Structure formats: structure tokens, C-alpha cells
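The structure presented is a predicted model; accordingly, all values stated were derived computationally and were not measured. Every chain is numbered from 1 and lettered A, B, ... according to where its sequence line falls, protein lines coming before strand lines. Side-chain atoms are counted along with the backbone in the values below, which use heavy atoms only and exclude waters and symmetry mates.
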There are 2 protein chains.
Amino acid sequence: MLSSNGLRVTPQRLSIYEYLLSTRSHPTADEIYQALRSRFPMMSQATVYKTLELLVELGLVCELGFGDEPNRYDGNPKAHINIRCTRCHRIYDLEEPELDRLARTVQERSGFRLSGQRHEFYGVCPDCQRQR
Amino acid sequence: MLSSNGLRVTPQRLSIYEYLLSTRSHPTADEIYQALRSRFPMMSQATVYKTLELLVELGLVCELGFGDEPNRYDGNPKAHINIRCTRCHRIYDLEEPELDRLARTVQERSGFRLSGQRHEFYGVCPDCQRQR
DNA sequence: TTGTATGCAAATTGTTTGCATACCC
DNA sequence: GGGTATGCAAACAATTTGCATACAA
């Protein structure tokens with residue numbers, strides 16, 4: 001995907017993308033940086049940010065912005081629902097086959113040329129409900 | 001709503017909330033500040049931010065975070081879909097009655113105590129498609 | 001060999017905070 | 001009158017940028 005766009009395939013880019021594919025935790029840029037630090041001691045935060053921007057532009061990764069907390073990144077390319085706990089900040093994925101149909105309706109009704117979607121429910125997860 | 005929570009009703013709070021109810025443009029904090037400036041020359045940005053945080057906590061207003069651009073605020077309390085143009089940054093609302101049913105399903109399947117939801121499609125709006 | 005990607009550090013942007021004064025209740 | 005909300009300015013945090021060097025093609 002990189003080389004077919006005339007971009008270079010570097011260890012940093014590969015490792016960041018592989019890390020996103022390997023986890024379901026929707027990490028922040030800093031969490032990715034910390035996680036890859038041991039394997040690539042030289043890697044800088046700037047490279048993580050630049051690479052993430054690139055992956056988002058290529059449509060391989062989805063950027064999740066929240067009001068306060070730092071951005072998170074999602075390597076799951078399929079349309080799905082994010083459920084976010086406002087206490088522990090964890091995010092769970094939920095598959096929902098209806099979303100494809102919804103996208104078609106939205107496209108027709110709005111006239112937009114759609115390039116992505118994002119669905120989020122938030123509240124308190126079962127774990128945190130129990131804890132008090 | 002404010003007074004019933006022991007909070008004070010001030011001109012600033014009222015005007016910010018009224019402004020959000022009066023517009024469909026999903027303004028940023030700064031846009032709200034600029035818009036109210038003429039009527040309240042003394043109002044500060046800090047007050048806008050503090051008030052918005054308060055309104056979000058009260059559940060009257062929804063905070064929309066994006067990856068890069070500044071946060072936007074939505075006074076529409078009903079579950080709906082946002083369609084965002086990645087070229088001109090405008091956001092349109094779309095009603096979708098299915099969302100209520102979806103929320104119920106999500107609540108059951110996840111065990112979360114839900115407090116809100118957000119749905120976003122993005123792409124290029126009809127206007128911007130024409131322009132090139 | 002050529003030029004793009006990296007790493008570092010400084011700059012930038014949106015947002016938050018601390019504190020003295022104003023003003024709602 | 002008591003105490004919270006405001007306005008101002010400084011502080012903060014996440015992200016971006018500029019530039020010299022490293023390295024993929």
C-alpha cells in the first residue's frame with residue numbers, strides 16, 4: 001500500500017501499523033510510542049505522529065478524537081461501533097451489520113461522497129458499575 | 001436546570017446556551033466567543049470554556065471532538081447523525097429514527113449504563129464536489 | 001545516488017488553571 | 001453577606017513544524 005503510492009516502507013511505519021492491527025485497545029499516539037520504544041529505542045514521537053497522519057490519509061487507520069482526552073487510533077477497517085467507558089476510558093468494539101445499510105441511506109439522502117464513518121456510545125462499563 | 005442544581009444563572013451562561021440552541025452550525029468555542037462578543041464585550045474565552053464544560057456535564061450539550069480541528073458543540077439533544085465535510089468543515093444533521101432502537105440493542109449487548117451517543121459520517125459535501 | 005523519512009527540539013494551538021474582583025442568590 | 005462565577009493572564013498538554021542527518025529505493 002505504501003510502495004504503490006510511491007512512499008517508503010520503513011521499519012517505523014511497519015511497526016506502527018502492525019501494532020495497531022495487533023491490538024484492540026485503541027491506543028493514543030503516546031501509548032504506541034511507549035509500546036514500540038523497547039524494540040525501537042531511537043524512534044521519536046514526531047515519527048509516530050507523522051506516520052499516524054499518513055496511515056489515516058491512506059484510509060488504513062481511523063482517528064478517534066474526543067473532547068478532552070488525547071486522540072486514539074483504530075486499525076479496524078470495518079464499520080463498527082465503539083463503546084467507551086467514561087470512568088476507565090476503555091473502548092470496546094461492537095459489530096453491527098446494520099451500519100452498511102445505514103451508510104447507503106445516508107449517502108443517498110445527503111448527496112455526500114462518503115469516505116468514512118464513526119459510531120460511539122458512551123457510559124459506564126459493567127466493571128466500573130460494580131466498583132461502586 | 002441550572003438553579004435546580006444549585007448553580008447560578010448568569011447572563012453569560014444563558015447567552016451561550018441560547019446561542020447553541022439557535023444555531024445548527026456546531027460552532028467551536030472560539031466561534032461562540034466571537035459571536036457573543038458584540039453583545040457581551042467583557043466576556044472572556046475562559047468563561048466560554050468553563051460554561052461549555054458545565055453544559056456538557058449537565059447533559060444539555062454534546063461535545064464533538066475531532067482529530068485535528070478544535071472541538072465543536074451541539075445543542076441538539078436528540079440522537080442524530082452528523083455528516084461532516086472534510087473540505088469545508090461544515091456539519092449537517094440528519095435525523096434517523098433507527099438510532100433509538102440501536103441504542104437499546106447496544107445497551108443490552110454490552111451491559112453498559114449508557115449516557116450518550118454520537119454518529120458521524122464524513123466525506124465531501126455536494127457543494128465541494130461541484131467546486132472541482 | 002537521490003530524495004524522502006527520521007529524530008530532535010522548538011514552536012504552535014486549543015484548552016485549563018489560579019487568583020482577585022464582581023455579582024447572583 | 002456569603003460564596004460562586006467571571007475575567008485576565010499565565011500555564012499546560014497534545015500535536016506540528018523546521019531542519020540536519022540517515023537510509024530506502
Visitor: Could you tell me if the ring centre of A/H80 sits under 6.0 Å from that of A/Y92?
Guide: no
Visitor: Please figure out whether B/R72 or B/V9 has its closest DNA chain C nucleotide nearer the 5' end.
Guide: B/R72
Visitor: Roughly, in whole Å, what's the span from CD in A/Q12 to P in C/dA5?
Guide: 11 Å
Visitor: Between B/T10 and B/D68, which residue's closest nucleotide on DNA chain D lies nearer the 5′ terminus?
Guide: B/T10
Visitor: When you group the ILVMFWY residues by side-chain heavy-atom contacts below 4.5 Å and let the links chain together, are A/L60 and A/L64 in the same group?
Guide: no
Visitor: More than 12 heavy atoms of other residues, nucleotides or ligands under 6.0 Å from CD of B/E95: yes or no?
Guide: no
Visitor: Can you tell me how far C1' of D/dA22 sits from CZ of A/R8, to the nearest Å?
Guide: 10 Å
Visitor: Tell me whether the OP1 or OP2 atom of C/dG14 has a side-chain N or O from B/N71 closer than 4.0 Å.
Guide: no
Visitor: Can you hop from B/L94 to A/F112 via hydrophobic side chains spaced under 4.5 Å?
Guide: yes
Visitor: Distance only, no hydrogens: is a donor on one side chain within 3.5 Å (strictly under) of an acceptor on the other, for B/D93 and B/H26?
Guide: yes
Visitor: B/E63 has an atom CD; how far is it from atom C1' of C/dT16, in whole Å?
Guide: 13 Å
Visitor: Would you kindly give the CG-to-P distance between B/L2 and D/dT4, to the nearest whole Å?
Guide: 15 Å
Visitor: Whole-Å distance between C/dT6 C1' and A/L14 CG?
Guide: 15 Å
Visitor: For the ring pair B/H89 and B/F66, is the centre-to-centre distance below 6.0 Å?
Guide: no
Visitor: Distance check needed: C/dG14 P versus B/F66 CZ, whole Å only.
Guide: 14 Å
Visitor: Between A/Y73 and A/E63, do the side chains contain an N or O donor and an N or O acceptor separated by less than 3.5 Å?
Guide: yes
Visitor: It should be established whether B/R13 places a side-chain nitrogen or oxygen under 4.0 Å from OP1 or OP2 of nucleotide D/dA5.
Guide: yes
Visitor: How long is the line joining CG of B/L7 and C1' of D/dT6, in whole Å?
Guide: 15 Å
Visitor: Strictly below 4.0 Å, heavy-atom distances to any atom of DNA chain C: list the hits from residues 16-52 of chain A, or just say none.
Guide: A/M42, A/M43, A/S44, A/A46, A/T47, A/K50
Visitor: Over all strands shown, is A/E53 touching base, sugar-phosphate only, or nothing at heavy-atom distances under 4.0 angstrom?
Guide: nothing
